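Each remark here refers to the structure printed beneath this line.
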Amino acid sequence: DNDLVARHVAEQVGLVVEGVLTGEEMRGLSHPALVARAKRTTIFARVDPDQKLHVIRALHDGGAVVGYLGDGINDAPSLHAADVGISVDNATDVARSAADIILLESSLAAIHQGVLEGRRTFANTLKYIRMGTSSNFGNMLSMTGAALLLPFLPMTPGQILLNKLIYDASQTAIPTDTIDPAVAAVPAHWDVHAIQRFMLIFGPISSLFDFLTFGVLLLALGVNQQVFQTGWFVESLFTQVLVVLVIRTRMSPFWRSHPSRPLLGAIVGALAAAVLIPLSPLGPVLGFAPLPLAFWLLLVVLVAAYLALVELVKRRFEPRA
C-alpha cells in the first residue's frame, strides 16, 4: 500500500513505526544492505511479490522468525518461504494450499491465543524435563553412595518402582499448570546446556538431603533395615514432590506463583500415598515398617531446609521475577 496510508494505519492501531522502506528504494539495495535495513524497518510499502520474498529472506538472514499473511496467488511463494504462512478461508486455492494456518474468521486473536498456549505448553514441558532429570540424577547419586556405604539395599527394587510410580503419577498434572506472566510474555528456546546445568546443580542438592536422612535414620534413630528403607522412601517422595512448587516458577519466594488446582491435588495425593502406604496392609508386603514419631518431626525440618536451600539456589540460577 501507499507508504503514507500504511504509516497512518499503523499509528491508529498503536504500532510504533521505526522505519519505512518502499519497493522503489529496495531496488537499489544489495541483499546484505536489505538485511541491515529490514531489522529497523516497520513498514514495507508498494513492494511487488518478488520483493516480498526478498524481505522474508532478509529477515530470516537477520535472525528473525517470520510470519506472513496473504490471500492471493502472488502470495504463495512468500507463504512458503515464511516460518508460518497464514491465510484466510476466502483466499485463493493456491494461497490456502501454501499456508500453514487458515483463519476461519477475520481476526488474528486465534493466532495470539495459539502463541500463548504454545508458550504455556513449552514452559510446562520444560518444567517436567528439568524436574525429571534433576530428580533422577539426584536419586542415582544417592543410591550409588548408599550402596557403597550400607550393608543392605537402601530401597528394594519394588519400593523404587513404587516410588517412581507415585512421583510420575503426580507429574501427569503438570500440563495443566499455570505459568508466570513473564514467561508467557516472551518466546522461549530449547537449551540443552541449561537443562544440563539445572540437573548438575539441583540433583546433588537432593542427594545432600538424602544423605542427611541416612544419617538421621542410622545415627540419631538407630533404625533397622526395614525402617531405614521406609524412611528413605517417604523422605524421597516428600522432597521430590514438594520441590515442584519451588522450581515450577521463576518467582521468588515461590508461593507468589499459584499452581493449578489439578497439580496441587496431585501433589497432595502423592504425599498422602507416601504416608499411608507404609501404614496400610500393603506395607509389610512391600517391606515397609512403622516409622518412629521422631522421624516425622525430623522430616519436617529436613524438607523445610531442603526447600529453603533450593529457593536460594534458584535465585542465582534463574532470572528473578
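In this text, all values refer to a predicted model and were calculated from it rather than measured experimentally.
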Working for side chain to side chain contact (heavy atoms under 4.5 Å, CB included), residues Val244 and Lys127
CA-CA 9 Å; Val244 171; Lys127 288 178 192 177; over 6 Å; no

Test side chain to side chain contact (heavy atoms under 4.5 Å, CB included) on Asp210 and Asn139 and set out the steps.
CA-CA 8 Å; Asp210 284 340; Asn139 286 340; 4.2 Å; yes

Worked check of side chain to side chain contact (heavy atoms under 4.5 Å, CB included) between Val183 and Ile179:
CA-CA 7 Å; Val183 175; Ile179 62 173; 4.3 Å; yes

Go through Ile247 and Arg130 one step at a time and tell me if the side chain to side chain contact (heavy atoms under 4.5 Å, CB included) criterion holds.
CA-CA 9 Å; Ile247 60 180; Arg130 283 178 161 190; 5.6 Å; no

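Across all their heavy atoms, Ile129 and Thr133 have their closest contact at O-OG1, 2.7 Å. Closest approach of Thr92 to Gly72, counting heavy atoms only: OG1-C, 3.6 Å. Contact record, Val94 with Ala76: CG1-CB, 3.5 Å, taken as the closest heavy-atom pair. Across all non-hydrogen atoms, the minimal contact from His258 to Arg248 is O-NH2, 3.5 Å. When every heavy atom of Lys52 is checked against every heavy atom of Ser78, the shortest pair comes out as CB-OG, 3.6 Å. Closest approach of Phe214 to Ser142, counting heavy atoms only: CE1-O, 4.0 Å.
At least one donor-acceptor pair closer than 3.5 Å links the side chain of Arg120 to the backbone N or O of Pro175. Ser207 places no side-chain N or O within donor-acceptor distance of the main-chain N or O of Leu141, the cut-off being under 3.5 Å. When atom types are taken as modelled, the side chain of Ser257 and the backbone of Phe254 share no donor-acceptor pair closer than 3.5 angstrom. Listed for the Ser280 side chain is a donor-acceptor partner under 3.5 Å among the backbone atoms of Leu282. For Gln240 (side chain) and Ser236 (main-chain N/O), a donor-acceptor pair under 3.5 Å exists by modelled atom type. For Asn224 (side chain) and Gln226 (main-chain N/O), a donor-acceptor pair under 3.5 Å exists by modelled atom type. In this structure, the side chain of Lys314 engages the main chain of Met251 through a donor-acceptor pair within 3.5 Å. In this structure, Gln51 contributes its side chain and Gly23 its backbone to a donor-acceptor pair below 3.5 Å. When atom types are taken as modelled, the side chain of Asn124 and the backbone of Asp177 share a donor-acceptor pair closer than 3.5 angstrom. When atom types are taken as modelled, the side chain of Ser135 and the backbone of Gly132 share no donor-acceptor pair closer than 3.5 angstrom.
Here the OG1-CG distance, from Thr41 to Leu21, works out to 5.0 Å after rounding to the nearest 0.5 Å. From Met155, atom CE reaches atom CD of Gln229 across 8.5 Å, with rounding to the nearest 0.5 Å. Separating the CD1 atom in Ile205 from the CG atom in Leu200 is a distance of 11.5 Å, to the nearest 0.5 Å. Note that CG of Asp89 and CG of Asp71 are 11.5 Å apart. Values are rounded to the nearest 0.5 Å. With values rounded to the nearest 0.5 angstrom, Gln159 atom CD is found 9.5 Å from Leu153 atom CG. Separating the OG atom in Ser252 from the CD atom in Glu311 is a distance of 3.5 Å, to the nearest 0.5 Å.
Hydrophobic clustering (ILVMFWY, side-chain heavy atoms < 4.5 Å, transitive): Met143 and Met131 are in one cluster. A single hydrophobic cluster is not seen to contain both Ile43 and Met26; linkage of ILVMFWY side chains at heavy-atom distances under 4.5 Å, directly or through other members, places them apart. By the rule that hydrophobic residues join a cluster once side-chain heavy atoms approach within less than 4.5 Å of another member, Leu126 and Met199 end up as members of separate clusters. Linking Ile, Leu, Val, Met, Phe, Trp and Tyr residues whenever their side-chain heavy atoms come within less than 4.5 Å leaves Phe137 and Tyr306 in two separate clusters. A continuous path of hydrophobic side-chain contacts links Phe211 to Ile160 [ILVMFWY only; heavy atoms under 4.5 Å].
Contact of the Leu15 side chain with the Thr42 side chain is registered, since non-hydrogen atoms from C-beta on lie closer than 4.5 Å. Within the 4.5 Å cutoff, side-chain heavy atoms of Leu245 are placed close to those of Pro259. Put simply, the side chain of Phe233 does not reach to within 4.5 Å of the side chain of Leu286, judged on heavy atoms. Between Val84 and Tyr68, the closest side-chain pair of non-hydrogen atoms is not below 4.5 Å. Side-chain contact check for Ile166 versus Ile277: some heavy-atom pair is nearer than 4.5 Å. The shortest distance between side-chain heavy atoms of Arg46 and Asp3 does not fall below 4.5 Å. At least one side-chain heavy atom of Thr239 sits under 4.5 Å from a side-chain heavy atom of Glu235. Between Thr156 and Phe288 the shortest side-chain heavy-atom distance does not fall below 4.5 Å.
Under the ring pair (Phe, Tyr, Trp, His ring centres under 6.0 Å) criterion, no residue pair touches residues 4-25, with sequence neighbours excluded. Screening residues 179-206 for ring pair (Phe, Tyr, Trp, His ring centres under 6.0 Å) gives Phe198-Phe202, Phe198-Phe317, Phe202-Phe317 as the qualifying pairs, with residues at least two apart or on separate chains.
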Using distance only, find each side-chain donor-acceptor pair of residues 260-271 under 3.5 Å and give its atom names and separation, not counting sequence neighbours.
{"from": "Ser260", "atom 1": "OG", "to": "Thr176", "atom 2": "O", "distance (Å)": "3.4"}
{"from": "Ser260", "atom 1": "OG", "to": "Thr176", "atom 2": "OG1", "distance (Å)": "3.0"}
{"from": "Ser260", "atom 1": "OG", "to": "Leu263", "atom 2": "N", "distance (Å)": "3.3"}

Side-chain donor-acceptor contacts of residues 97-113 below 3.5 Å, not counting sequence neighbours, with atom names and distances?
{"from": "Ser97", "atom 1": "OG", "to": "Asp93", "atom 2": "O", "distance (Å)": "2.9"}
{"from": "Asp100", "atom 1": "OD2", "to": "Gly85", "atom 2": "N", "distance (Å)": "2.7"}
{"from": "Ser107", "atom 1": "OG", "to": "Ala109", "atom 2": "N", "distance (Å)": "3.1"}

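In this structure Pro292 satisfies the side-chain contact (heavy atoms from CB on, under 4.5 Å) test together with Leu221, Val227, Phe295, sequence neighbours excluded.
In the hydrophobic clustering, Val5 connects to Val9, either directly or through intervening members, whenever side-chain heavy atoms lie under 4.5 Å apart.
Taking the six-membered ring for Trp, Phe152 and Phe228 have ring centres closer than 6.0 Å.
The local environment of CD in Glu24 is sparse, with at most 12 non-hydrogen atoms from other residues, nucleotides or ligands closer than 6.0 Å. The number of heavy-atom neighbours closer than 6.0 Å to CD1 of Ile73, taken from other residues, nucleotides and ligands shown, is 12 or below.
Residues Thr249 and Asp180 have side chains that bring a donor and an acceptor to within less than 3.5 angstrom of each other. A donor atom on one side chain and an acceptor atom on the other are not found under 3.5 Å apart for Ser87 and Arg96.
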